[in-house]
Every structure is written in structure tokens, then in C-alpha cells.
Amino acid sequence: MPTKDHRRELRLSSTDDDLITEAAGLLSMTVSEFLLGRAVADAETIVDAHRSVRLQRASYDPLPGRFSTPLLSR
């Protein structure tokens with residue numbers, strides 16, 4: 001596990017703080033574990049979605065032929 005040597009701070013309402021504290025407790029987690037786990041999971045999903053290109057079959061089928069033809073002959 002990497003060393004945790006960075007700190008983030010955030011401002012939140014007491015209502016949000018109470019809700020987060022309760023949710024973490026229900027999962028037997030510390031607030032830090034809860035927030036970090038959720039934030040990292042969401043960040044991985046968002047980054048993966050933006051790094052990947054997903055095509056429908058109709059858009060994908062012509063691609064292999066396009067890549068096998070030299071640019072100068074198009």
C-alpha cells in the first residue's frame with residue numbers, strides 16, 4: 001500500500017457531516033476510509049470512461065479496413 005503523505009480538506013455543512021459519519025459507521029469504516037474509498041472508486045470510473053473509446057458495432061466494423069489502407073492511397 002502506498003504511503004499516505006498528502007492531505008485534502010473540505011468544507012461541508014453539519015448535516016452533510018452527520019450523514020457521512022452515519023454512513024461510515026454503518027459500514028464499520030472511519031470517515032476517512034469511507035470518503036477515500038468512495039472518491040477513488042468514482043474517480044477510477046470517471047477517468048476510465050474518458051480514456052476509453054466505446055463504439056457501436058456499426059461504427060466499429062469499417063475501422064480495421066481503414067487502418068490497413070495507407071493514407072496516401074485514400
Side-chain angles (χ1 to χ4, degrees):
M1 175 182 265
T3 301
K4 294 181 181 177
D5 60 353
H6 285 76
R7 175 180 287 274
R8 295 253 178 210
E9 294 185 27
L10 65 126
R11 298 182 64 82
L12 66 161
S13 69
S14 62
T15 303
D16 289 344
D17 187 46
D18 292 344
L19 182 63
I20 291 167
T21 301
E22 182 178 357
L26 290 169
L27 296 175
S28 300
M29 301 172 85
T30 66
V31 171
S32 291
E33 289 169 334
F34 178 79
L35 290 174
L36 183 60
R38 297 298 299 228
V40 169
D42 286 353
E44 287 172 343
T45 300
I46 292 165
V47 169
D48 180 56
H50 284 80
R51 286 185 179 168
S52 301
V53 176
R54 292 177 177 87
L55 300 174
Q56 303 246 343
R57 176 61 72 185
S59 299
Y60 173 79
D61 286 342
L63 287 177
R66 300 276 305 180
F67 291 126
S68 62
T69 306
L71 287 174
L72 297 177
S73 65
R74 290 185 194 167

For residues 25-32, which side-chain donor-acceptor pairs fall under 3.5 Å, sequence neighbours excluded?
| residue | atom | partner | partner atom | Å |
| --- | --- | --- | --- | --- |
| Thr30 | OG1 | Glu33 | N | 3.0 |
| Thr30 | OG1 | Glu33 | OE1 | 3.4 |

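- Residues meeting the salt bridge (Lys or Arg N to Asp or Glu O under 4.0 Å) test with Asp48, sequence neighbours left out: Arg54.
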For residues 4-19, tabulate all N or O donor-acceptor pairs below 3.5 Å that involve a side-chain atom, not counting sequence neighbours.
| residue | atom | partner | partner atom | Å |
| --- | --- | --- | --- | --- |
| Ser13 | OG | Asp16 | N | 3.0 |
| Ser13 | OG | Asp16 | OD2 | 3.4 |

